[in-house]
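Have a look at the structure below before the remarks.
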Protein chains: 2
Amino acid sequence: MSALRNASIKTSSSISYALARTSIFGSLFPSSTRKMSTDSKFVQAPHKLLVIPGPIEVTDEVLFANAHPSMSHMSPDFARVFGDCIRMTRQLLYSEDAQPFLIAGSGTLGWDQVSANLVEPGENALVLHSGYFADSFADCLQTYGANVDQIKAEIGGAVKEADIESALQAKKYKIVTVTHVDTSTAVLSDIKAIANVVKRVSPDTLVVVDAVCSVASEEIQMDAWGIDVVLTASQKGLGTPPGLSILVASQKAVQVFENRSTPVTTYYGSWKKWLPVMKAYENNSAAYFATPPVNLIYAFHASLTQIMQGSVSLEQRFKLHQEVSRRVKKAAEEIGFKGVPLSEDVQANGMSALYFPDGFTASDIVPRLLKKDVVVAGGLHASIKDKYFRIGHMGVSVVDPSRGDIDKVISAVKESLAEAKVSKQ
Amino acid sequence: MSALRNASIKTSSSISYALARTSIFGSLFPSSTRKMSTDSKFVQAPHKLLVIPGPIEVTDEVLFANAHPSMSHMSPDFARVFGDCIRMTRQLLYSEDAQPFLIAGSGTLGWDQVSANLVEPGENALVLHSGYFADSFADCLQTYGANVDQIKAEIGGAVKEADIESALQAKKYKIVTVTHVDTSTAVLSDIKAIANVVKRVSPDTLVVVDAVCSVASEEIQMDAWGIDVVLTASQKGLGTPPGLSILVASQKAVQVFENRSTPVTTYYGSWKKWLPVMKAYENNSAAYFATPPVNLIYAFHASLTQIMQGSVSLEQRFKLHQEVSRRVKKAAEEIGFKGVPLSEDVQANGMSALYFPDGFTASDIVPRLLKKDVVVAGGLHASIKDKYFRIGHMGVSVVDPSRGDIDKVISAVKESLAEAKVSKQ
């Protein structure tokens, strides 16, 4: 195998965030496969640089884990890996005792879980609106019978704490939901401050954070900040292919669920079904409700291990995301782009939403980026859809500068605008 | 790269079911990655033989596709692959116009889709019970407000057509559900005959087939047999890692959905959300409701291509499953095992459920199989849980005899029983 190993070895990166092989492969692979995993080094195919706000670029180690041979979801080997994922997910959110739920599905399934497990039909929910995804969360809550009020920020803004306080004083809400980073606007909400307001004004109200576009790119301290639900998905800051709904509930939220007076209104997303399963897997033993996405759990394990045990600490990871974000935004603004977020304190660190310079549209910029093998995302917020585009800067593209991803994006944006200017002359 | 290619080439199988490279890689990989895909041949790590009734063994090509570099779910390249999956799924079920839904989730999510899109609260559902999974489907239907009646067959039996006829004459049902192969008992229900009874006695009633453990291992002719819903998952006969809920609805079922008088009672599984998305992807253009499991769609595409365009035709595939099933059951019965299904006409072809010979239990046999690197499944049906075990024989283990999977299983079962006998002497 040495020819194979030598032929496919990849240039090692300057930041050593790679898998701690001795520790991870012990649990990643059952003994019968251990030899192969240490002898081979999988290298993904060359491809265009994906810098949309999720899915993001995925490391070779994570993709290799996604190509793990078929395993029984009831095997002790898999149960240990699943258990590790549960424990690492909790640690990532700085929680001691919150309850993770890892279920095959997209991030959207997290909304169903909240709406159907925590809110009983006829109860009130307050949705803080800083972009497209609040409308959808509200739609989901209403589907399951909640009475929904929304506080809408202006485009590019976050909801003001004073408005939240007034709303909480006027009506009793079972939950308040906030989108940590709204992927349609790149607006960052201050969930620590919001949780603070809720605890002060309406301490029974659960604080639910849609963190699909923020987990592992923005700091979230569940216990210290008093957050009851963090819901996310695998394909953004968590650096894993899409297909895994990840939700973490505080023990207070679990209690609220357990004290329901009416039955849970979903089957597939029912915590009544999943809670014993998650507890069993955390005990490194298997239990069955529905077949977990086995390969994706191996991939998630590989990525969580890189995040939690790599040489870049969690704190450094968040700092790197802030630095890269500032760099991207500054470079774009210098040549005439303008951030959708209205002020620096509501700017997300894992992505940028940028208005095109006057006189330019998506068709001037985005196809030119694509020709340079840089894949960005178009606008999503209905009111400004054609006026802006979005760049994701999360995960390995941020924490491993040796890849050159961020440099490539910045150069490509500059060159594309320059070319567009020439073509208009 | 030639050293790499030569070092990792796998012995080609005697049945050439492998990917038709020229046709598949054109759509599987965007142009920038095409070079890599033809230069390298991924070989999965050595591992224990997985012969549980799902997940099943997955081919190298499918696992390689699951390790596809990150792709935008909105890209034309991905949209074409997703579109192919929709078309091939329909073809696999011999349908001209049924509507597939491919959604991140487990097979269980199919029950939610049926319960929340096709049955309105207070409507009647008739569940035909041939094992564990009917109880769960009934539970799901009730969660969404259906009135559920069950007809329960004895353990190892399928529900009799005369009993179905009587039930349909006594009450009007919105849907009848039948588990094609109940994974807890390996009982095969005659869905063609059942659909016939329903069409004759209660033509408005929708015929819903839980085909999680039968698609691609048992013949299903949706249009010709008059079946309205086939729901399944990726990890059984379809030979793909778990994490994809696959449901196909007849146009009649879609009409029933569209004529609902009350709102759909799920958000994540709502056809109102997914129908436009599936139609867009079938047109090879992207649309967004929730992020699809991109890598798993690539994997599903690779597996569907092997199933639909390999040198083993669909008809041959079903015949091979029948032959292998008879061989496994005969070999086991010759040494004292006894099938859970009560008669040959209700025996599944993709799996076997076998009572241990008198005097032996799971602890005599299953750990010995595991030592021989053969992973089988324990009992699942509560009433007989400790008295039997289950073997899956689906997909590549069946259609590629050169792998020797089936021979290995049969030998290992024989040897394990012989060893158990010796140890008891």
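Letters go in sequence order (proteins before strands), and every chain restarts at 1. Just the heavy atoms: all of them, side chains too, but no hydrogens, waters or symmetry mates, feed the values below. These numbers were taken from a predicted model, which means no experiment stands behind them.
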Given heavy-atom pairs under 4.5 angstrom as the criterion, report whether the side chain, backbone, both or neither of B:Asp112 touches chain A. side chain
Rounded to the nearest 0.5 angstrom, the OH-CD distance for A:Tyr267 and B:Gln113 is 14.5 Å
Do you know which of A:Ile52, A:Val58, A:Leu109 has the most heavy-atom pairs under 4.5 Å to chain B? A:Leu109
Looking at B:Ile56, B:Thr266, B:Leu141, which has the largest count of heavy-atom pairs under 4.5 Å with chain A? B:Thr266
Closest heavy-atom pair and its distance - A:Phe42, B:Ala67: CZ-CB, 3.7 Å
Highest number of heavy-atom pairs under 4.5 Å with chain B among A:Pro241, A:Ser70, A:Gly269, A:Ser136 belongs to A:Ser70
Only pairs of heavy atoms separated by less than 4.5 Å count here; which of B:Pro293, B:Ala116, B:Ala290, B:Cys140 has the most with chain A? B:Cys140
Audit row: A:Ser106, B:Tyr268, side chain to side chain contact (heavy atoms under 4.5 Å, CB included) steps and yes/no: CA-CA 9 Å; A:Ser106 83; B:Tyr268 183 61; 3.4 Å; yes
Less than 4.0 angstrom from a charged side-chain N to a carboxylate O is my criterion; do B:Lys273 and A:Asp139 meet it? yes
Based on non-hydrogen pairs under 4.5 Å, which of A:Pro242, A:Pro263, A:Ser234 is most in contact with chain B? A:Pro242
To the nearest 0.5 angstrom, please state how far the OH atom of A:Tyr132 sits from the OH atom of B:Tyr288. 6.0 Å
To check you understand the geometry: which heavy-atom pair defines the closest contact between B:His73 and A:Pro55, and what is its length? ND1-CD, 3.4 Å
Check against side chain to side chain contact (heavy atoms under 4.5 Å, CB included), B:Val264 and A:Thr143: CA-CA 8 Å; B:Val264 171; A:Thr143 299; 5.9 Å; no
Report, as yes or no, whether the 6.0 Å neighbourhood of atom NZ on B:Lys272 holds more than 12 heavy atoms from other residues, nucleotides or ligands. no
Between A:Leu296 and chain B, which part of the residue has a heavy atom less than 4.5 Å away: side chain, backbone, both or neither? neither
For side chain to side chain contact (heavy atoms under 4.5 Å, CB included), just list the numbers for A:Asn295 and B:Leu63, CA-CA rounded to whole Å, side-chain angles, deciding distance to a tenth of an Å, and then say yes or no. CA-CA 9 Å; A:Asn295 285 52; B:Leu63 287 180; 3.6 Å; yes
A:Leu244 versus chain B, heavy atoms under 4.5 Å apart: side chain, backbone, both or neither? neither
Using non-hydrogen atoms only, which part of A:Val294 is less than 4.5 Å away from chain B: side chain, backbone, both, or neither? both
Does the side chain to side chain contact (heavy atoms under 4.5 Å, CB included) test come out yes or no for B:Ser75 and A:Val375, once each step is laid out? CA-CA 9 Å; B:Ser75 68; A:Val375 182; 5.8 Å; no
Counting only non-hydrogen atoms closer than 4.5 Å, does B:Gln235 touch chain A with its backbone (N, CA, C, O), its side chain (CB onward), both, or neither? side chain
Count the heavy-atom pairs under 4.5 Å between each of B:Thr265, B:Ile103, B:Leu370 and chain A, then report the option with the highest count. B:Thr265
